[in-house]
Amino acid sequence: MDEILIRDMKPEDVALVNDFFDAMGPETRALFNRQDCNRNGALRFCAEQDTNHRYWMAVLDGKMVGLVFFMQWSTGIPVLGIAVRDGIRGKGLGGKLIDYAIAEAKAAGKGGISLTTQFANLRGQTLYESRGFQRMGQYVNGIEIFYLLAFKTEE
Ligand SMILES: CC(C)(COP(=O)(O)OP(=O)(O)OC[C@H]1O[C@@H](n2cnc3c(N)ncnc32)[C@H](O)[C@@H]1OP(=O)(O)O)[C@@H](O)C(=O)NCCC(=O)NCCS
């Protein structure tokens with residue numbers, strides 16, 4: 001894991017992004033990329049670099065092996081998304097990526113982070129709960145849980 005670099009996603013990363021999403025198996029696609037929504041979001045960010053999003057990628061041996069991003073970055077509680085390449089899961093990269101994103105959100109003065117994950121996504125739930133995310137209840141679509149990580153404020 002030490003050789004993995006986490007860096008900003010740039011306009012020239014289109015081929016790496018497409019390779020990352022092309023390599024996803026059916027389970028990951030069902031959990032993370034239904035109707036190609038997260039691929040399209042990443043490609044849109046490559047093209048536009050818009051300030052309401054932040055995208056970082058993990059790179060190993062010239063390949064994209066992980067992705068972490070925020071939507072609604074201009075709000076006080078941005079929405080996080082994360083994925084690790086099939087085949088290198090369970091080795092700590094998800095933890096490394098989420099810690100990186102949490103540090104960025106804290107450094108930017110955000111109040112916390114929200115996200116949703118499917119009830120079936122036990123690995124994701126283990127990851128989020130290990131970082132202090134709390135279950136707030138069922139999300140409106142009925143198949144996901146809504147999670148919140150609230151940063152403590154000095155009183
Ligand atoms: C969720 C995901 C990002 C986690 O990445 P990862 O690299 O596997 O994460 P880690 O290796 O850091 O492990 C995270 C935790 O899950 C635990 N875990 C591993 N396999 C597990 C399993 N099958 N069931 C439950 N927990 C599991 C690990 O022990 C670890 O917990 P710990 O930090 O308390 O030890 C990755 O599995 C993934 O990309 N999944 C598909 C896409 C996805 O679901 N994205 C999120 C959508 S909301």
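Ligands are counted one by one from 1 in listed order, and the atoms in each one are counted from 1 as well.
- By the definition of a contact as any protein heavy atom under 4.0 Å away, atom 20 (N) of ligand 1 is in contact.
- Looking from atom 1 (C) of ligand 1 to the surrounding protein, the closest heavy atom is Gly124 CA, 3.8 Å.
- Residue contacts with ligand 1 for Val84 involve both N, CA, C or O and side-chain atoms from C-beta outward (heavy atoms, distance under 4.0 Å).
- The protein heavy-atom contact nearest to atom 13 (O) of ligand 1 is Gly90 CA, 4.6 Å.
- For the pair Ile77/Lys110, no side-chain contact is recorded, criterion being any heavy-atom separation below 4.5 Å from C-beta on.
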Legend entry - Steps toward side chain to side chain contact (heavy atoms under 4.5 Å, CB included) verdict (Phe133, Ile98): CA-CA 11 Å; Phe133 281 79; Ile98 204 164; 3.9 Å; yes

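- With a 4.0 Å heavy-atom cut-off, ligand 1 is reached by no atom of Arg29.
- Contact annotation: for Glu27 versus ligand 1, there are no heavy atoms closer than 4.0 Å.
- No close placement of the Phe69 and Trp56 rings is indicated, their centers lying 6.0 Å or farther apart.
- Counted within 6.0 Å of CD on Glu12, heavy atoms from surrounding residues, nucleotides or ligands total more than 12; the atom is thus considered enclosed.
- In terms of protein heavy-atom proximity, atom 11 (O) of ligand 1 is nearest to Gly92 N, 2.8 Å.
- Residue contacts with ligand 1 for Thr116 involve N, CA, C or O but no side-chain atom from C-beta outward (heavy atoms, distance under 4.0 Å).
- Near Lys91, meaning under 4.0 Å from any of its heavy atoms, are these atoms of ligand 1: 11 (O).
- The shortest N or O to N or O distance between Ala83 and ligand 1 is not below 3.5 Å.
- The heavy-atom pair separating Gly112 from Pro78 by the smallest distance is O-CD, 3.4 Å.
- Nearest to atom 47 (C) of ligand 1 among the protein's heavy atoms is Asn121 ND2, 3.7 Å.
- Ring orientation note: the planes of Phe21 and Phe32 are close to parallel, at an angle under 30° on the 30°/60° scale.
- Within the 4.0 Å cut-off (strictly below), a protein heavy atom is located near atom 16 (O) of ligand 1.
- For ligand 1, the atoms sitting less than 4.0 Å from at least one non-hydrogen atom of Leu127 are 4 (C), 14 (C), numbered in the order shown with element in parentheses.
- Salt-bridge formation is not detected for the pair Asp86/Arg29: no Lys NZ or Arg NE/NH1/NH2 atom is positioned less than 4.0 Å from an Asp or Glu carboxylate oxygen.
- Atom 27 (C) of ligand 1 has Arg123 CG, 3.6 Å as its closest protein atom, hydrogens excluded (heavy atom only).
- Heavy atoms of other residues, nucleotides or ligands lying less than 6.0 angstrom from CD of Gln49 number more than 12.
- Atom 29 (O) of ligand 1 has its closest protein heavy atom at Thr126 CG2, 4.8 Å.
- With a 4.0 Å heavy-atom cut-off, ligand 1 is reached by the side chain of Tyr128 but not by its N, CA, C or O.
- Shortest contact from atom 7 (O) of ligand 1 to any protein heavy atom: Gly94 N, 2.9 Å.
- At most 12 heavy atoms of other shown residues, nucleotides or ligands fall within 6.0 angstrom of atom OH in Tyr139.
- Applying the 4.0 Å criterion to heavy atoms of Leu93 picks out, from ligand 1, the atoms 7 (O).
- Within the listing of ligand 1, atoms 48 (S) sit less than 4.0 angstrom from a heavy atom of Thr117.
- Near Thr28, the atoms of ligand 1 lying under 4.0 angstrom from a non-hydrogen atom of the residue are 41 (C), 42 (C).
- For Gln134, the CD atom sits in a loose shell: 12 or fewer heavy atoms of surrounding residues, nucleotides or ligands are nearer than 6.0 Å.
- Ion pairing between a basic and an acidic side chain is recognised when a charged N comes within 4.0 Å of a carboxylate O; Lys96 and Asp99 show no such pairing.
- Considering only non-hydrogen atoms, atom 12 (O) of ligand 1 lies nearest to Gly95 out of Ala120, Ala58, Gly95, Gly81.
- A salt bridge is absent between Lys63 and Asp19: the closest approach of a Lys/Arg side-chain nitrogen to an acidic carboxylate oxygen does not fall below 4.0 angstrom.
- At a 3.5 angstrom cut-off on N or O pairs, Ile82 counts as close to ligand 1.
- Between Arg135 and Glu129, at least one side-chain nitrogen of the basic residue sits less than 4.0 Å from a carboxylate oxygen of the acidic one, meeting the salt-bridge criterion.
- For the residue pair Gln118 and Asn121, no side-chain donor N or O sits within less than 3.5 Å of a side-chain acceptor on the partner.
- Looking only at heavy atoms of the protein, atom 33 (O) of ligand 1 is closest to Arg131 NH1, 3.6 Å.
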